[in-house]
Visitor: 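Questions regarding the structure given below will be posed in turn.
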Amino acid sequence: MAEKQNMNDDSLITLVDDKGNETLYQILFTFQPDESDKSYVLLVPDDAQPGEQVDVTAFAYYPDEDGSATEAEFFEIEDDAEWEMVEGVLDTFLNDPNMQ
(Lines give C-alpha, C1' and ligand atoms only; values in the text may rest on other atoms or scores of the structure.)
Protein backbone atom coordinates (compact mmCIF):
# COMPACT_ATOMS: atom_id res chain seq x y z
CA MET A 1 0.00 0.00 0.00
CA ALA A 2 1.51 3.28 -1.05
CA GLU A 3 1.15 5.83 1.68
CA LYS A 4 2.04 9.47 1.56
CA GLN A 5 2.92 11.60 4.50
CA ASN A 6 2.18 15.16 5.46
CA MET A 7 4.26 16.73 8.21
CA ASN A 8 2.24 18.69 10.79
CA ASP A 9 5.17 19.57 13.05
CA ASP A 10 8.42 17.93 14.05
CA SER A 11 6.79 15.04 15.90
CA LEU A 12 3.43 14.42 14.19
CA ILE A 13 2.67 13.02 10.79
CA THR A 14 -0.54 12.27 8.94
CA LEU A 15 -0.58 9.17 6.75
CA VAL A 16 -3.11 8.94 3.96
CA ASP A 17 -3.89 5.46 2.67
CA ASP A 18 -5.02 4.45 -0.82
CA LYS A 19 -8.67 5.04 0.15
CA GLY A 20 -8.02 8.59 1.37
CA ASN A 21 -8.28 7.74 5.07
CA GLU A 22 -6.08 9.97 7.23
CA THR A 23 -4.45 8.77 10.45
CA LEU A 24 -2.35 10.92 12.76
CA TYR A 25 0.85 9.39 14.18
CA GLN A 26 3.64 10.48 16.49
CA ILE A 27 7.14 9.95 15.18
CA LEU A 28 8.83 7.67 17.70
CA PHE A 29 12.21 8.10 16.00
CA THR A 30 14.02 7.97 12.68
CA PHE A 31 17.38 6.43 11.85
CA GLN A 32 19.69 5.71 8.93
CA PRO A 33 22.04 2.73 9.11
CA ASP A 34 25.62 3.47 8.05
CA GLU A 35 25.52 0.86 5.31
CA SER A 36 22.30 2.10 3.69
CA ASP A 37 21.11 5.01 1.59
CA LYS A 38 17.61 4.50 3.05
CA SER A 39 16.31 5.92 6.29
CA TYR A 40 13.59 4.49 8.50
CA VAL A 41 10.80 6.06 10.51
CA LEU A 42 8.95 4.37 13.38
CA LEU A 43 5.49 5.66 14.23
CA VAL A 44 2.90 5.17 16.97
CA PRO A 45 -0.75 6.29 16.86
CA ASP A 46 -1.13 9.84 18.15
CA ASP A 47 -4.08 8.88 20.35
CA ALA A 48 -2.08 6.23 22.24
CA GLN A 49 -2.14 6.66 26.00
CA PRO A 50 1.03 6.49 28.14
CA GLY A 51 1.71 2.90 29.18
CA GLU A 52 -0.71 1.54 26.58
CA GLN A 53 0.60 -1.27 24.41
CA VAL A 54 0.48 -0.16 20.76
CA ASP A 55 1.68 -1.42 17.43
CA VAL A 56 4.68 0.42 16.05
CA THR A 57 4.48 1.12 12.33
CA ALA A 58 7.72 1.31 10.37
CA PHE A 59 8.48 2.61 6.90
CA ALA A 60 11.60 3.11 4.83
CA TYR A 61 12.25 6.27 2.82
CA TYR A 62 14.95 8.05 0.88
CA PRO A 63 15.74 11.31 2.70
CA ASP A 64 16.06 14.69 1.04
CA GLU A 65 19.48 16.32 0.69
CA ASP A 66 19.22 17.75 4.20
CA GLY A 67 18.21 14.36 5.63
CA SER A 68 14.54 15.18 6.13
CA ALA A 69 11.45 13.35 4.95
CA THR A 70 9.24 16.34 4.23
CA GLU A 71 8.89 15.49 0.56
CA ALA A 72 9.63 11.78 0.75
CA GLU A 73 7.23 8.97 0.16
CA PHE A 74 7.30 6.15 2.64
CA PHE A 75 7.38 2.62 1.37
CA GLU A 76 6.75 -0.66 3.08
CA ILE A 77 9.65 -2.79 4.26
CA GLU A 78 9.42 -6.10 2.43
CA ASP A 79 12.82 -7.71 2.96
CA ASP A 80 13.06 -10.08 5.97
CA ALA A 81 16.65 -9.07 6.77
CA GLU A 82 15.65 -5.40 6.66
CA TRP A 83 12.74 -6.10 9.06
CA GLU A 84 15.08 -7.90 11.45
CA MET A 85 17.43 -4.90 11.44
CA VAL A 86 14.55 -2.45 12.14
CA GLU A 87 13.18 -4.68 14.90
CA GLY A 88 16.65 -4.86 16.46
CA VAL A 89 16.93 -1.07 16.51
CA LEU A 90 13.43 -0.80 18.01
CA ASP A 91 14.27 -3.39 20.69
CA THR A 92 17.42 -1.46 21.59
CA PHE A 93 15.42 1.76 21.81
CA LEU A 94 12.70 0.21 23.99
CA ASN A 95 15.13 -1.55 26.33
CA ASP A 96 17.76 1.17 26.78
CA PRO A 97 16.60 3.93 29.17
CA ASN A 98 19.31 6.25 27.80
CA MET A 99 17.76 6.18 24.32
CA GLN A 100 14.26 7.27 25.29
Visitor: Rounded to the nearest 0.5 Å, what's the gap from CZ on F59 to CD on E76? Could you check?
Guide: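 The distance works out to 6.0 Å.
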Visitor: So L15 and Y25, side chain to side chain contact (heavy atoms under 4.5 Å, CB included) or not? Walk me through it.
Guide: CA-CA 8 Å; L15 295 183; Y25 289 89; 3.6 Å; yes
Visitor: Applying side chain to side chain contact (heavy atoms under 4.5 Å, CB included), name anything that partners S36, two or more places apart in sequence or on another chain.
Guide: P33, K38, Y40
Visitor: Pairs under 3.5 angstrom only: tabulate donor-acceptor contacts from the side chains of residues 41-51 to other protein residues two or more places apart or in another chain.
Guide:
residue, atom, partner, partner atom, Å
D46, OD1, Q26, NE2, 3.2
Q49, NE2, D47, O, 3.2

Visitor: Applying side chain to side chain contact (heavy atoms under 4.5 Å, CB included), name anything that partners N21, two or more places apart in sequence or on another chain.
Guide: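 For N21 the side chain to side chain contact (heavy atoms under 4.5 Å, CB included) partners, ignoring immediate neighbours, are D17, K19.
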Visitor: Could you tell me whether D91 atom CG has more than 12 heavy atoms of other residues or ligands within 6.0 Å of it?
Guide: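 Yes, CG of D91 has more than 12 neighbouring heavy atoms, counting only those of other groups under 6.0 Å.
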Visitor: Kindly write out the residues that satisfy side chain to side chain contact (heavy atoms under 4.5 Å, CB included) with D79, not counting sequence neighbours, or none if the list is empty.
Guide: A81, E82
Visitor: Does a side-chain heavy-atom distance below 4.5 Å link V86 with I77?
Guide: yes
Visitor: Ring centres under 6.0 Å, that's the criterion: do F29 and F93 meet it?
Guide: yes
Visitor: What's the separation between atom OG1 in T57 and atom CD1 in I13, rounded to the nearest 0.5 Å?
Guide: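 Spacing of OG1 (T57) from CD1 (I13) equals 11.0 Å.
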Visitor: Over all heavy atoms of both residues, which pair between M85 and F31 is shortest? Give the atoms and the distance, please.
Guide: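 Minimum heavy-atom contact is SD-CE1, 3.6 Å.
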